[in-house]
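Please read all numbers here as calculations on a predicted model, not as lab measurements.
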Amino acid sequence: MGEIKHGAPQVPSPLRVFITFESTGWFDTTQQQKEKELLPQLKTVLEEWGSNGSELLGTFDRDILTAGHSGPTFWHACFLYNVPDLQTVADMTHSFRATGLDRYFRLEASIGRPFFLLEQ
């Protein structure tokens, strides 16, 4: 194995984006509101992200061993994307504000890069 050099991180293109997703006002809604309004609207917004040049790499939902509020991690699920640029990330988070979903869900995006020892 050759010498491993670890210099200053380089901003990748596309950006590697980790988006955490927390249910907030979700718990103050009725089952009918969840099924008829919120879940369809959430699905539409998430599907629209697929047409903005982003590539969904994977998802993780913590609901197998948790129920209720998110607790100390402050997220219920996360999404991992490759995203073309920072404006697209801002547009993705803004889509929750624009549709009113931010009343029920909180998103937070973290920008990173592939881990240099495993992905080149």
Side-chain angles (χ1 to χ4, degrees):
M1 187 163 126
E3 182 179 346
I4 297 174
K5 294 183 181 184
H6 185 31
Q10 299 297 301
V11 177
S13 180
L15 296 169
R16 184 65 53 95
V17 181
F18 181 75
I19 299 176
T20 55
F21 176 86
E22 178 185 3
S23 302
T24 52
W26 172 262
F27 297 107
D28 299 324
T29 62
T30 66
Q31 190 64 29
Q32 181 177 358
Q33 195 175 9
K34 289 172 184 164
E35 292 174 3
K36 302 289 184 191
E37 297 172 35
L38 298 179
L39 288 175
Q41 188 175 21
L42 176 62
K43 186 174 193 293
T44 297
V45 167
L46 295 176
E47 286 175 345
E48 287 173 356
W49 288 1
S51 65
N52 68 7
S54 298
E55 175 191 8
L56 177 64
L57 302 175
T59 63
F60 184 88
D61 192 338
R62 295 178 54 233
D63 69 345
I64 293 174
L65 297 176
T66 63
H69 292 277
S70 62
T73 62
F74 298 112
W75 56 270
H76 289 99
C78 64
F79 314 118
L80 186 62
Y81 280 89
N82 278 339
V83 180
D85 53 52
L86 191 54
Q87 184 59 55
T88 303
V89 179
D91 293 343
M92 291 166 81
T93 57
H94 181 70
S95 67
F96 272 58
R97 285 186 215 104
T99 59
L101 285 172
D102 62 333
R103 180 175 177 193
Y104 306 99
F105 306 104
R106 180 182 179 278
L107 292 184
E108 184 172 332
S110 299
I111 305 297
R113 64 183 182 140
F115 188 66
F116 70 100
L117 291 176
L118 297 176
E119 293 185 63
Q120 295 299 324

Chemist: Under a 3.5 Å cutoff, is there a donor and acceptor pairing between the side chains of D91 and T88?
Modeler: no

Chemist: Can you find a pair of side-chain heavy atoms, one from V83 and one from S54, that are under 4.5 Å apart?
Modeler: yes

Chemist: Below 4.5 Å, heavy atoms only, C-beta onward: do L80 and V17 meet side chain to side chain?
Modeler: no

Chemist: Check R16 with E55, please: is the shortest side-chain N to carboxylate O separation under 4.0 Å?
Modeler: no

Chemist: State whether a side-chain donor-acceptor pair under 3.5 Å links E48 with N52.
Modeler: no

Chemist: Count I, L, V, M, F, W, Y as connected when their side-chain heavy atoms are under 4.5 Å apart, and connections chain through other members. Are V89 and V11 then in the same cluster?
Modeler: yes

Chemist: Looking at every heavy atom in both R103 and T24, which two are closest together, and how far apart are they?
Modeler: O-OG1, 3.9 Å

Chemist: Sort out for me which residue in F21, F60, F18 forms a ring pair (Phe, Tyr, Trp, His ring centres under 6.0 Å) with F79.
Modeler: F21

Chemist: When you check the side-chain N and O atoms of Q41 and E37, is any donor under 3.5 Å from an acceptor?
Modeler: no

Chemist: Does a side-chain heavy-atom distance below 4.5 Å link H69 with F74?
Modeler: no

Chemist: Heavy-atom count check: over 12 atoms from other residues, nucleotides or ligands less than 6.0 Å from E119 CD?
Modeler: yes

Chemist: Is there a donor-acceptor pair under 3.5 Å between the side chain of H76 and the backbone N or O of S23?
Modeler: yes

